[in-house]
Amino acid sequence: MANYYQPSGKYSPNAFIFFLIIALFALPLLGLIYAYAIWYIPLIYVNFIIAGGFGFAVGWLINKFVITKGKVRNTKLAILFGVLSGLIALYFHWAVWMDLVLNAGESIGSERIGITVSNIKILQVFSLATNPSALFELIGLVNETGTWGIRGGTVSGAFLSVIWIIELLIVVIVATLIPIGTAREPFCEIDNDWFTKTMLPAFNVVTDKSQMKTALENGQPNTFDGISKVENTDQHHSIFTLYSSEKGENYLSIENKIAEQKDDGKIEFKDDQVIEHISINKNLVDVLKGK
């Protein structure tokens, strides 16, 4: 019977120490950078992109230093770390952003688009960050009056609340998805270490996914007969990711990359999972590496 990898649900207690360090030192710094970025880039659509980048940075930190080094093989715990990190980073962002509001100075630009010069006061930010009731009271006041606008109109009230909720969801969801992916990857419980992850050169797209799945599940020696390398990765291709342990265990994931040309001529790829984390024998590994 085919053997698919399943996370053990275990983790190292060090993961909580790493998380605490990140939460106290790295996340406030990211919140500071994010607050200044959206303050001085008053374009709502660009701000959503920046929010995605902010969430990615938060998720990358948690993934790199908490999930990986903390050896977290528990997806529920990975979700918890991701959600908490996103919320903590946003909280520090709010403390910085509200301080920018309090210290707002001269406005530059027009009624349609412009920026307001401002800089934070460190002690004031610290005071806001350590006094949640005062911080959220100020946020409520800003929500009523607004601080920026679209096409000459100030954004406030329910509309502003919706924008803030969307921002929160973007940051938290992106920050959570990255750690979940790593927590699900193969881990050797005997060696107490992650499998070595190797992305093989691009191959041609797997057209018959069910046939490939059946061949891999049965360990058929001719499984990869129809697979060959592709030089042009701007076209349809597949990515084979091999996970190997020092004990000789191997798992394989395959994902098709379907090329789509956009109106501007750029090529984007749609991910199409063929199979994920299936155990394969050494003979099939050797065949793949020899392709």
Side-chain angles (χ1 to χ4, degrees), residues 1-19 59-60 62-82 176-230 233 237-257 271-291:
M1 184 176 179
N3 177 22
Y4 288 86
Y5 175 77
Q6 293 294 330
S8 66
K10 298 179 181 179
Y11 54 87
S12 167
N14 290 338
F16 294 94
I17 298 174
F18 297 145
F19 178 77
W60 183 88
I62 295 301
N63 184 60
K64 180 74 174 179
F65 297 102
V66 179
I67 305 300
T68 302
K69 294 187 180 299
K71 300 178 180 179
V72 177
R73 298 91 80 190
N74 187 308
T75 53
K76 291 181 179 179
L77 185 59
I79 292 172
L80 178 63
F81 281 141
T176 304
L177 288 176
I178 301 172
I180 291 175
T182 296
R184 295 177 61 246
E185 290 185 351
F187 185 94
C188 183
E189 301 296 334
I190 298 175
D191 293 338
N192 193 34
D193 202 1
W194 298 98
F195 277 53
T196 300
K197 182 178 178 179
T198 305
M199 293 184 69
L200 301 176
F203 293 115
N204 57 292
V205 70
V206 178
T207 54
D208 194 333
K209 295 191 294 183
S210 60
Q211 183 182 24
M212 174 63 74
K213 181 179 178 181
T214 300
L216 284 169
E217 288 178 342
N218 294 323
Q220 296 175 5
N222 62 344
T223 297
F224 304 123
D225 282 358
I227 295 299
S228 60
K229 289 182 184 179
V230 296
T233 54
H237 62 279
S238 61
I239 297 297
F240 283 57
T241 305
L242 186 65
Y243 302 85
S244 304
S245 75
E246 293 184 2
K247 300 297 182 183
E249 293 180 277
N250 297 280
Y251 289 93
L252 178 68
S253 291
I254 305 174
E255 187 175 57
N256 282 333
K257 298 286 187 178
D271 298 335
D272 181 23
Q273 193 78 50
V274 177
I275 201 163
E276 186 176 41
H277 303 154
I278 187 171
S279 176
I280 63 172
N281 58 47
K282 186 177 182 303
N283 290 335
L284 287 179
V285 171
D286 292 338
V287 170
L288 267 181
K289 289 184 175 180
K291 287 285 184 179

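Values in this document were obtained by computation on a predicted structure and should not be read as measured data.
- Checked by atom type and distance alone, the side chain of Asn256 never pairs as donor or acceptor with a backbone atom of Val205 at under 3.5 Å.
- Residue Arg73 forms a side-chain hydrogen bond (donor to acceptor under 3.5 Å, both in side chains) with just one option from Glu185, Glu189, Gln6, and that option is Glu189.
- Put simply, OG on Ser12 and CD1 on Ile67 are 11.5 Å apart, with the number rounded to the nearest 0.5 Å.
- Other residues, nucleotides and ligands contribute only 12 or fewer heavy atoms inside 6.0 Å of the CD atom of Glu246.
- Looking only at side-chain heavy atoms (C-beta outward), Phe224 and Phe240 come within less than 4.5 Å of each other.
- Using a 4.5 Å cut-off on side-chain heavy atoms (C-beta onward), Asn250 and Ser244 make contact.
- Closest heavy-atom contact between Ile178 and Gly59: CG2-O, 4.0 Å.
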Met199 vs Ile239, side-chain contact (heavy atoms from CB on, under 4.5 Å): CA-CA, chis, key distance, verdict: CA-CA 7 Å; Met199 293 184 69; Ile239 297 297; 3.4 Å; yes

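- Judged as a side-chain hydrogen bond (donor to acceptor under 3.5 Å, both in side chains), the pairs with a partner in residues 272-285 (not counting sequence neighbours) are, in order, Arg184-Glu276, Lys209-Asp272, Lys282-Asp286.
- A heavy-atom distance below 4.5 Å is found between the side chains of Leu242 and Val285.
- By the 4.5 Å heavy-atom criterion applied to side chains, Phe18 and Thr68 are not counted as neighbours.
- For the atom pair CG (Leu77) and CZ (Phe19), the distance works out to 9.5 Å, reported to the nearest 0.5 Å.
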Residue pair Glu217, Tyr4: steps toward the side-chain contact (heavy atoms from CB on, under 4.5 Å) verdict: CA-CA 9 Å; Glu217 288 178 342; Tyr4 288 86; 2.7 Å; yes

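- The closest donor-acceptor contact from the side chain of Asn222 to the backbone of Asp225 lies at 3.5 Å or more, if one exists at all.
- Residues satisfying the ring-ring contact (aromatic ring centres under 6.0 Å, His included) criterion with Phe187, sequence neighbours excluded, are Trp194.
- Counting heavy atoms from C-beta outward, Lys257 and Asp271 have side chains that approach closer than 4.5 Å.
- Of all non-hydrogen atoms in Gly9 and Asn74, the two that sit nearest each other are O-ND2, 2.9 Å.
- In terms of modelled atom types and a separation under 3.5 Å, the side chain of Asn218 and the main chain of Thr214 share a donor-acceptor contact.
- Taking CD of Gln220 as the reference point, atom OG1 of Thr223 lies at 5.5 Å (rounded to 0.5 Å).
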Criterion side-chain contact (heavy atoms from CB on, under 4.5 Å) on Asp191 and Lys247, from CA distance to verdict: CA-CA 8 Å; Asp191 293 338; Lys247 300 297 182 183; 2.9 Å; yes

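- Atoms CG and NZ, from Asn192 and Lys71 in turn, are 4.0 Å apart once rounded to the nearest 0.5 Å.
- Lys229 places a side-chain N or O within donor-acceptor distance of the main-chain N or O of Lys291, the cut-off being under 3.5 Å.
- Phe65 pairs by the ring-ring contact (aromatic ring centres under 6.0 Å, His included) definition with nothing, not counting sequence neighbours.
- Listed here is the closest heavy atom pair of Gly82 and Thr176: C-OG1, 3.3 Å.
- Put simply, the side chain of Tyr251 reaches to within 4.5 Å of the side chain of Pro186, judged on heavy atoms.
- Between Asn63 atom CG and Thr182 atom OG1 the span is 3.0 Å, to the nearest 0.5 Å.
- For Phe195, the CZ atom is densely surrounded, since the number of other residues' heavy atoms within 6.0 Å is greater than 12.
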Derivation of the side-chain contact (heavy atoms from CB on, under 4.5 Å) call for Val206 and Ile227: CA-CA 8 Å; Val206 178; Ile227 295 299; 4.3 Å; yes

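- Expressed to the nearest 0.5 Å, how far CD1 of Ile254 lies from CG of Leu200 amounts to 9.5 Å.
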